[in-house]
Amino acid sequence: MKVQVNADMCEGHAKCEKAAPEVFKVGDDDVSVVLVDEVAPELVEKVERAIRMCPRQAISWAKV
Amino acid sequence: MSAPTLKLSDINLNDPELFEREGAHDVLRLLRREAPVHWNPGGEVANGFWSITKYDDIRFVSRNPELFISSKGIAGPGIRPEALQSLDSGAQPQNAGANISIIGMDPPRHVKMRRLVNKGFTPRAVNAMEPEIRRITNEILDKIDGRDELDFVLEVASQLPLAVICGMMGLEQKDWALMFDLTNKVLGSGDPEYQTEVPEEERGTSAAARATAMLGVGTMMEYFRNVLEDRRRNPREDDLPTILLESEIDGEKLSEGDLLAFCFLLILAGNETTRNGISGGLRVLCEHPDQKAKLLKDMSLMESAVEEILRWVSPLHHMARTATADTEIRGQQIKAGDRVLMWYPSANRDEEVFEDPYTFDITRTPNEHLAFGIGEHFCLGAGFARRELKVMFEELFRRFPNIELAGKPERLRSNFINGTKHLPVRLNSGR
């Protein structure tokens, strides 16, 4: 599964980085980037948590 | 505690007096239990509206900003068209031509407009500002040092957020008191205390509220017209009006109306809610001496304490949206055009989300409250609000650990802003 961050919405709150540091990193421009191409099955739960916690609701699973 | 006599048929959340006397939590608890999506009938002046009281439903509405739009009004139920004319008689149309600000804007324009300034509000920007926030805080506390009793709202809680946002806007210090006064007139228009320009015998009416709000809006627009005129001639580095003046959206500069509305929103939102977070926070800590003692003993709990204060206080009672299509929430049919009010204090006491929601616990985890909303319109200033609360309580308790309440808080008559107008405190410095 692929996950994506809407860069227009992201304001660098870094909740995603806290929830799933293996997957998200907030860059110097205060926008979170996805570090991995595919989310490993064992990280899905953490990513789900990041999706839920994002204040701007900027994270979503990419539609295939 | 729910009053035994409270009945669904009696409920009216458009009664600002209910919030003034702090009766709303009983009503909201009943609604969550018995009618979580509840039609609140209108009255002679107000439209009817849906009350959304469950955490998950408020998330749902917030996450669908195209289905539930902001551009038809974000506060209150809205006024019935036929009532509008009579209310406006006597009020000056000073704000004619004013555009809406981002808080009342919908996608896709909302995000474009918000992005003009949002870099100034990121965690990085807040971190950079922290030393300044601490300096201002200590300046405010220097002024009360040596005193015994004082009004915490007027002398402390209001002063920090006002100084921070006025500083970011580049406003001269001599004008800050005016901004405070105008904010009260606009956001506290329904409270007789701020209806100073209305004859005494007419205060407390809907017409008085509208006239007060119009006067506040008109005066503030005039003020910012002058600020913008000045910055056009003398641009400044890093002040928000200059940034806005130099900004473009899709190759076009902002209109005068957009600029005014933006300045207006930044000032209002930047000082009223944080003021109430600070005063509400001090109050709840003083009313829970065990929690205050725990915090004083271990100040590393501050960030978590601030989150619990935000959950507990919920500085905004609600935000309103309007449905653009027929839809359904929890089996209730919501029609296109219906107004929907999201009651944040209710989400933040939702028994299905928070364990012992009526217990104030500064170590609560998790604590994913919705005090700042969520999604498209998540509070732009949340980072500053959190930091201002944190720094204020760090410095306040370092310098005045024995501070206590010294009288009854006076609450704002509003079902929108969870405001405290006056909070008498005693510093007990010598103890």
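All values below were derived from every heavy atom in this structure, side-chain atoms included, with hydrogens, water molecules and symmetry-related copies excluded. Chain identifiers are assigned alphabetically (A, B, ...) following the order of the sequence lines, protein sequences preceding nucleic acid strands; residue numbering begins at 1 within each chain. This one's a predicted model, so the numbers in the text were calculated from it and none came from an experiment.
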May I have a list of the donor-acceptor pairs under 3.5 Å that connect chain A with chain B?
residue	atom	partner	partner atom	Å
Ala7(A)	O	Arg115(B)	NH1	3.3
Glu11(A)	OE1	Arg114(B)	NH2	2.8
Glu11(A)	OE2	Arg114(B)	NE	2.6
Glu11(A)	OE2	Arg114(B)	NH2	3.3
Glu11(A)	OE2	Asn118(B)	ND2	3.0
Gly27(A)	O	Arg124(B)	NH2	3.1
Asp28(A)	O	Arg124(B)	NE	3.4
Asp28(A)	O	Arg124(B)	NH2	3.4
Asp29(A)	O	Lys119(B)	NZ	3.1
Asp30(A)	OD1	Arg124(B)	NE	3.2
Asp30(A)	OD2	Thr122(B)	OG1	2.8
Asp30(A)	OD2	Arg124(B)	NE	3.4
Arg49(A)	NH1	Glu368(B)	OE2	3.4
Arg52(A)	O	Arg59(B)	NH1	3.2
Arg52(A)	O	Arg59(B)	NH2	2.9
Pro55(A)	O	Gly375(B)	N	2.6
Arg56(A)	NH1	Gly375(B)	O	3.2
Arg56(A)	NH1	Glu376(B)	O	2.5
Gln57(A)	OE1	Arg63(B)	NE	2.7

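- Here the shortest heavy-atom pairing between Gly12(A) and Pro123(B) reads O-CG, 3.0 Å.
- Qualifying ring pair (Phe, Tyr, Trp, His ring centres under 6.0 Å) partners for Phe24(A), counting only residues two or more places apart in sequence or in other chains: none.
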